[in-house]
S.K.: 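First the structure, then my questions, so here it is.
Quick note on labels: first sequence line is chain A, next is B, and so on, each numbered from 1.
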Amino acid sequence: MAFPEPKPRGPELPQKRVKTLDCGQGAVRAVRFNVDGNYCLTCGSDKTLKLWNPLRGTLLRTYSGHGYEVLDAAGSFDNSSLCSGGGDKAVVLWDVASGQVVRKFRGHAGKVNTVQFNEEATVILSGSIDSSIRCWDCRSRRPEPVQTLDEARDGISSVKVSDHEILAGSVDGRVRRYDLRMGQLFSDYVGSPITCTCFSRDGQCTLVSSLDSTLRLLDKDTGELLGEYTGHKNQEYKLDCCLSERDTHVVSCSEDGKVYFWDLVEGALALALPVGPGVVQSLSYHPLEPCLLTAVGGSVHCWREEAYEVEGGTG
Amino acid sequence: MAALDSDSEEDLVSYGTGLEPLEEGERPKKPIPLQDQTVRDEKGRYKRFHGAFSGGFSAGYFNTVGSKEGWTPSSFVSSRQNRADKSVLGPEDFMDEEDLSEFGIAPKAIVTTDDFASKTKDRIREKARQLAAATAPIPGATLLDDLITPAKLSIGFELLRKMGWKEGQGIGPRVKRRPRRQKPDPGVKIYGCALPPGGSEGSEDEDDDYVPENVTFAPKDITPVDFTPKDNVHGLAYKGLDPHQALFGTAGEHFNLFSRGPEGASNLLGEIGVNKGRKLGISGQAFGVGALEEEDDDIYATETLSKYDTILKDEEPGDGLYGWTAPRQYKSQNESEKDLRYIGKILDGFSLASKPLSSKKTYPPPELPRDYRPVHYFRPVVAATSENTHLVQVLSESAGKPMPDPGTHSRHQLNASKRAELLGETPIQGSSTSVLEFLSQKDKERIKEMKQATDLKAAQLKARSLAQKASSSRPQPSSPDVGTCSWHMALSGGTAATRASSFKPFAKDPEKQKRYEEFLVHMKRGQKDALERCLDPSMTEWERGRERDEFARAALLYVSSHSTLSSRFTHAKEEDDSDQVEVPRDQENDVNDKQSAVRMKMFGKLTRDTFEWHPDKLLCKRFNVPDPYPDSTLVGLPRVKRDKYSVFNFLTLPETASSPATQAASEKGPQHQGPDKSRKPSRWDTSKQEKKEDSISEFLSLARSKVGPPTQESSPLVIKEEEHVTESLSDKSVSKGVDSQTEGEGSRPSMDLFKAIFASSSDEKSSSSEDEQGDSEDDQAGTGEADFKSSQETDSAETSSVARASEPVAQEPAPSFPIQKMQIDEREAFGPRLPPVFCPNVRQKPEAPQKEKHKKNKEKHKTKKEHRRRKEKKKKHRKHKHKGKQKNKKPEKSSSSESTDSSDSPSGEEGTVDLSPQELLRRLKSLPLRRQ
C-alpha cells in the first residue's frame with residue numbers, strides 16, 4: 001500500500017475567491033496552470049486560446065488559429081511553447097512569445113479531447129474521441145505521429161504524462177497506463193466511462209474520475225483501490241479532477257456548480273466549494289500552492305486559501 | 001707480374017682531378033686561400049655564399065626571382081597570322097638552369113652510368129651480339145656496338161663462378177667423357193647429315209685419344225641451336241668475315257653449320273684471348289694471309305679434296321645406319337647407357353649394376369565407365385520410381401553408393417505442385433490454392449467441429465440471410481454481393497483465416513473467386529478490358545454488370561483495406577490483429593467478471609490487465625527512456641496475425657460490433673465458435689447488441705439510481721426538450737448536409753467517402769473539415785453563435801436562475817451552450833460519438849453502446865445469446881427512453897434499436913459502414929426496421 005503520507009495540515013483549502021477572469025471567449029472548455037503556476041491558459045469555444053496571469057487577472061496573449069473550439073491546452077516545461085487541441089481534430093503547437101502557430105498536427109479522426117507535453121516538451125500526446133492517443137514529435141517535421149496508441153475502445157477523455165508513463169482514461173471505462181520504461185501496458189477496468197485521470201504528485205497513485213459520480217484512487221502499480229470519493233455529481237460531462245498541491249486532498253468538479261474536496265486518506269468530504277451556477281467544467285490546481293482555478297461558463301475563478309492576502313494593488 | 005700490375009692499375013680508382021704534371025723547372029703554384037676562392041655561375045658571375053642553412057648560394061636576383069623586374073609573366077599572344085599554339089608545360093619549364101646542369105636534379109648531359117662502369121664484360125650479351133654479327137648480312141656491322149657494349153655480369157654469373165663454374169663450360173655435373181669416335185678435322189667442312197649433338201665432343205678434347213677412366217669433365221657449354229631462318233642469298237653456311245677470327249682469329253676454324261654449330265659457336269664466343277695461340281689478323285675465305293699472321297701454312301690449303309670422303313664406306317661398323325640421323329648405336333652401348341643413366345658419383349666399394357633391374361610390373365588402373373562422374377553424393381536417396389528402377393537396381397547391385405539420377409526428384413523433394421505436375425493435373429488457377437490451405441491444422445479442426453455442431457443453426461440462418469439477400473437484392477443490384485460476402489465472411493472470415501495476402505472476397509463461390517483473381521491479374525497487367533475478359537460469358541447481362549461492380553469494388557477495397565482502413569479504424573484494428581490470447585480474453589472478462597469486481601470494489605488483479613507493449617523507438621528516445629525491447633521491431637501491442645477479414649467484415653464490423661465477450665468466446669474454442677458461425681449474418685443480429693447494451697445500461701442505470709435521485713433522470717429529459725426546440729433548426733440543416741454528403745458519395749469509391757467523412761488526411765482536413773463544419777454550422781452556428789454570445793450572459797443568468805429553481809444541476813449548462821450541442825450533434829453525424837466532453841449533451845449512455853459494440857466486434861458471443869435475447873426486450877424499452885432524451889442523435893437514426901444506433905453512431909469503425917455504398921447504408925438502416 002503506497003499511501004502518500006499526507007501531513008495533517010490546517011484547512012488550507014482554497015476557498016477564497018481572489019480573482020475572476022471574464023474570459024470573453026465563449027465557454028471556457030478548460031483552464032490550465034502552466035508549469036510553475038504563474039500563468040494559466042483558458043481554452044475557449046470561440047476557437048481561441050488565452051494566456052493569463054490569473055492572480056492579477058491580466059490577459060497576456062490570445063492565440064488564435066484553431067478551426068474550432070479549443071478543448072485542452074498545455075504548456076511546456078520551459079514555458080516556451082504551448083500545445084492545444086480542439087474540435088478541429090488538430091493539435092497545435094504554439095510559440096508562446098510570438099503567438100504564432102509553430103506546427104499543426106493533423107491525423108486525428110475526431111475531436112482532440114486532451115493534449116499533454118511530455119517532460120521535455122519533445123512530444124505532444126493527444127487523446128481524441130477517435131479512441132487513439134497520438135504521439136507527435138515536436139523535434140522533427142514528420143507530419144505523422146511517432147506512435148499511435150490505439151488500444152482504447154472508445155474515445156480518450158484524459159491523458160497525463162509522467163517522465164516515462166502515459167496515463168490515459170477512456171470512455172470505454174478503462175484507465176491505461178503505458179509504461180515506456182517497462183514496455184508494458186497496464187489496463188485497469190473501472191467500468192464507467194472515465195472523464196479524467198491524473199497521477200498523484202508522488203507518482204504512486206492514479207486518481208480516476210468516472211461518470212458514475214465517483215472518484216477512485218488506485219494504486220499505480222497494482223491497480224488496487226485505495227480510496228473512493230463520492231458526493232459530487234458527474235454523470236454527463238467530462239469534468240476535471242485533481243489532487244491538491246500536497247496530495248492531501250482530492251478535488252473534483254461537479255455538475256452542481258461546486259467543487260468538492262475530499263480528504264485523501266479518510267475519503268471524507270472536506271469541502272464543497274460553491275463556485276457558480278452551472279457545471280464547473282474545468283479546474284486546475286496550482287502545482288505548489290493552495291490555489292485553484294475553476295471554469296464555469298465563460299469565466300474563470302481563482303481561489304486561494306483563506307489566509308491568502310491579495311498582493312499588489314492590481315488584484 | 002706485368003699482368004698483375006696492369007690489372008691493379010686498371011682497378012685503381014681515383015677521385016678528384018689529378019694535378020697537372022709539373023713541368024720541369026716550374027715552381028708549384030700556391031694554392032688559392034680559402035677566402036679567395038669564389039664560386040661563379042655558368043655565366044661567370046660570382047655567387048655569394050650565404051651559409052648552408054639559408055640556402056647556400058644566392059640565387060636569382062638578390063635572392064629573389066630571376067631578374068630585376070621580377071618574373072615576367074608570359075603573356076598570351078595570338079593573332080590571325082601567328083596562332084598561339086598550345087604549349088604543354090613540362091617540369092623543366094619550372095626548373096632552374098642549375099637543375100639541368102651536370103649536378104642538378106635533372107642533368108641533361110650524357111654521363112656514364114653504372115652499366116658502363118663495369119669492369120667485366122657481359123659474355124652472354126657479347127655472345128649474342130657476336131652471333132648476330134656472324135649471321136648478319138654485313139659482317140662486322142655490330143662491331144661498333146661491341147665497342148660500347150656495356151658489360152656487366154649478372155648475379156647468376158657471379159654465383160656460378162663462385163661454385164666453380166668457369167666460362168666456357170657447361171652447367172651440370174661433371175661427366176665422363178666417352179672417347180670420340182670420329183674426330184672431324186679442324187677446318188674440314190662436313191657436309192651431309194649432322195652428327196647427333198650427343199655424340200659430338202668438345203673441341204678441346206679433339207686431340208685426346210686417350211681418356212682416362214677416372215677423369216671427369218665438365219659438360220659442354222651448349223648454346224641452343226640458333227634456328228635463324230636463312231633469308232639471304234649467300235650459300236649455305238656462308239660466313240662472311242668473321243670479326244672474331246679476323247681480329248683475334250682462331251685460325252683454321254671453320255664454321256660447321258650443323259654439328260659444329262654449337263661447339264663452334266661456343267668456341268667462337270669463348271673467351272677471346274684465351275682460346276689458343278693468339279692470332280691477330282684477318283683470316284677467312286675472302287682474305288689472304290695477313291702480314292701479321294704467324295702461321296701461313298694453311299693459307300691456301302684449306303680446301304683439299306682429300307678432306308672429303310670420296311667413297312661410301314662403312315663409316316661406323318655395326319652401325320648400319322649409314323648416315324641416317326637416327327641416334328647412333330655404339331658398341332659401347334652399355335657403357336654409355338650406364339653413363340647416361342647414372343651420372344652421379346659412385347661411392348667407394350660400389351659399382352654400377354651390370355644388369356638393369358627387372359622392371360616392376362605395373363598394372364593399369366581399371367577403366368572407368370564412360371558415364372562415371374567423379375562426384376560424391378552423401379547417402380543419396382533413390383526412389384524406386386518407374387523411371388529409375390533400373391538405376392536403383394544397378395546401384396544396389398553394385399553395392400556402391402547409389403548415384404542418383406540428377407533428373408529425377410526424390411519423393412521428398414516434391415511439393416504439391418510438382419506432384420500435380422507429375423500426375424498431369426492441371427494447375428490451379430490463381431495465386432494460391434484455396435483458403436483452406438492457409439488454415440492451420442487447429443483451425444481446420446475447429447471448423448469441422450463447428451460445422452458439425454451447428455449444421456442446423458447454420459441452415460436456419462442461411463435461410464434467413466437468403467431471404468434477406470433476396471429481398472434486398474432486388475432494389476439494389478449491388479447488394480447481392482454484399483450478401484454473398486457476408487456469407488463468406490461468416491464462413492471464412494468469422495471462423496478463421498484468410499490471410500492478408502490471399503484476400504478472397506468470393507471464397508464462397510470458387511468460380512467467382514477464380515474469376516475475381518483473374519480479374520486482379522489482368523488489372524495488374526494494366527489491361528483495360530480486364531473485367532470483360534474474366535467474366536463468365538454464360539452469364540446474363542445483368543449478372544455481369546453486377547459482378548463487374550463487385551469486382552471493382554472489391555479490388556478497391558482490397559487495396560485500401562490494408563493501408564488506410566487499418567490505420568483509420570483503430571478499434572477494428574486492435575481487435576483484428578491484437579494478441580489473440582490476451583487482449584480479447586481480458587476484454588471478455590471485463591464485461592462480466594470485471595464489472596462485478598468493480599461492483600464489489602475489488603480492484604486490483606481482477607480489474608487489471610497487463611500487456612506487453614512496445615513503444616516506438618523514437619518515442620523512447622524523446623522520453624529519454626531506454627527502449628525496453630531494443631531488439632524488437634514491433635510497435636504497440638504484440639499482435640498475432642489472425643485471419644484477415646474480408647473487406648466486408650470491415651464494413652459490417654460496426655454493426656455487428658463484436659464485443660470482447662464474443663472474442664473471448666471465439667478464442668475459447670470451438671464450442672463457442674460454433675454458435676458464432678451459425679449466426680453468419682451477425683450484422684442483422686440486433687438482438688445481441690441490445691442485450692449487451694442492456695447489461696451495461698442496466699448497470700449504468702443501476703449506478704445512476706444509486707448515485708443520483710430520480711429527478712436527474714427526468715431533468716435531462718427536460719433539458720433535451722428544451723434543446724430540441726433550439727436544435728430542431730440546426731438538426732435540419734445538419735441532416736441536410738449529411739444527406740447531401742452521403743448522396744454525393746454514394747457513387748464514389750469508398751475511400752473518398754472515408755476521407756470526406758473523417759477528413760483527417762492532412763490537407764483535406766484543414767480545408768474540408770473546417771469548411772464542412774463551418775459551412776453547415778455557420779449558417780446556423782453563425783447566427784446561433786451570435787445568439788449564443790449574447791444569450792450566454794443573459795441566458796446563463798436568466799435561465800439558470802429560472803431553471804435553478806426547478807433543477808439547479810442540469811439545466812444551467814444546457815442554455816449556456818446550445819450551439820455547442822448542436823455542433824456536437826452534427827459531428828456525431830460524421831464521426832465517432834462524442835465522449836462526455838464537458839459539453840452538456842454528451843451522455844453516458846452513448847458510450848455504453850459503443851463499448852458493447854466493440855466487444856461484439858466480429859465474433860459473436862454465443863454463450864450468452866439466449867440470455868441476452870430475453871433481456872433484449874426490456875432493454876429496448878429502456879433505450880427508447882434514452883433516445884427520447886437524446887433527441888440530438890435521433891433524427892438520423894431511423895431505428896430505435898441499439899443496433900441501428902450503433903451503426904449510425906459513428907465512431908471510427910462505424911464510419912466504415914458509410915464506406916460501403918449507399919445502398920448498403922440504406923439497407924442497414926432498413927433492416928433493423930424490418931426486424932422490428
S.K.: With a 4.5 angstrom heavy-atom cut-off, is it the side chain or the backbone of A:Val296 that approaches chain B, or both, or neither?
M.R.: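 Neither part.
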S.K.: So which part of B:Tyr629 gets closer than 4.5 Å to some heavy atom of chain A, the side chain, the backbone, both or neither?
M.R.: side chain
S.K.: Between B:Pro615 and A:Gly183, what is the shortest heavy-atom contact and its length?
M.R.: CD-CA, 4.1 Å
S.K.: Working note: A:Leu180 + B:Trp613, criterion side chain to side chain contact (heavy atoms under 4.5 Å, CB included); need CA distance, chi angles, decisive distance, verdict.
M.R.: CA-CA 8 Å; A:Leu180 272 79; B:Trp613 174 72; 3.9 Å; yes
S.K.: Kindly give the heavy-atom pair with the smallest separation between B:Asp616 and A:Val146, and that separation in Å.
M.R.: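 Looking at all heavy atoms of both residues, the shortest contact is OD2-O, 3.4 Å.
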S.K.: Would you indicate whether the side-chain heavy atoms of B:Val598 and A:Tyr189 approach each other to under 4.5 Å?
M.R.: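 Side-chain contact under 4.5 Å: yes.
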S.K.: Closer than 3.5 angstrom, by distance alone: can the side chain of B:Arg608 be matched with the main-chain N or O of A:Glu224 as a donor-acceptor pair?
M.R.: no
S.K.: What part of A:Glu144 is in contact with chain B, defined as an atom under 4.5 angstrom from a non-hydrogen atom: side chain, backbone, both or neither?
M.R.: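 Neither part, no heavy atoms under 4.5 Å.
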S.K.: With a 4.5 angstrom heavy-atom cut-off, is it the side chain or the backbone of A:Glu120 that approaches chain B, or both, or neither?
M.R.: side chain
S.K.: Side chain, backbone, both or neither: which part of A:Ser162 has an atom under 4.5 Å from a heavy atom of chain B?
M.R.: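 Backbone of A:Ser162 only, per the 4.5 Å heavy-atom cut-off to chain B.
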S.K.: Tell me which of these, A:Thr230, A:Asp137, A:Val175, has more heavy-atom pairs under 4.5 Å with chain B than the rest.
M.R.: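 Top option by heavy-atom pairs under 4.5 Å: A:Asp137.
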S.K.: Could you check A:Glu119 against B:Asn624 for side chain to side chain contact (heavy atoms under 4.5 Å, CB included), going step by step and ending with a plain yes or no?
M.R.: CA-CA 9 Å; A:Glu119 254 196 353; B:Asn624 261 340; over 6 Å; no
S.K.: Between A:His164 and B:Phe623, what is the shortest heavy-atom contact and its length?
M.R.: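 Closest approach of A:His164 to B:Phe623, heavy atoms only: CA-CD2, 4.3 Å.
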S.K.: Measuring from A:Gln184:CD to B:His614:NE2, what's the distance to the nearest 0.5 Å?
M.R.: 9.5 Å
S.K.: Please classify the contact between A:Asp240 and chain B as side chain, backbone, both or neither, with a heavy-atom cut-off of under 4.5 Å.
M.R.: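 Neither part.
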S.K.: Can you tell me how far OG1 of B:Thr610 sits from CG of A:Asp179, rounded to the nearest 0.5 angstrom?
M.R.: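 Those atoms lie 10.5 Å apart.
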S.K.: Report which part of A:Asp163 has an atom under 4.5 Å of a heavy atom belonging to chain B: side chain, backbone, both, or neither.
M.R.: backbone
S.K.: Find the distance between CD (A:Gln147) and NZ (B:Lys617) and round it off to the nearest 0.5 Å.
M.R.: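 One finds 11.0 Å between CD of A:Gln147 and NZ of B:Lys617.
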S.K.: Let me confirm one number: the CG-OG1 distance from A:Leu225 to B:Thr607, rounded to the nearest 0.5 Å.
M.R.: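 One gets 8.5 Å once the value is rounded to the nearest 0.5 Å.
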S.K.: Can you tell which of A:Cys253, A:Ser140, A:Cys138, A:Gly223 has the highest number of heavy-atom pairs within less than 4.5 Å of chain B?
M.R.: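 Option with the top pair count is A:Gly223.
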S.K.: Could you go through the side chain to side chain contact (heavy atoms under 4.5 Å, CB included) check for A:Glu151 and B:Phe611 one step at a time?
M.R.: CA-CA 11 Å; A:Glu151 280 74 32; B:Phe611 309 103; over 6 Å; no
S.K.: Less than 4.5 Å apart, any side-chain heavy atom of B:Asp609 and any of A:Arg174?
M.R.: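 Contact flag for B:Asp609/A:Arg174 side chains = yes.
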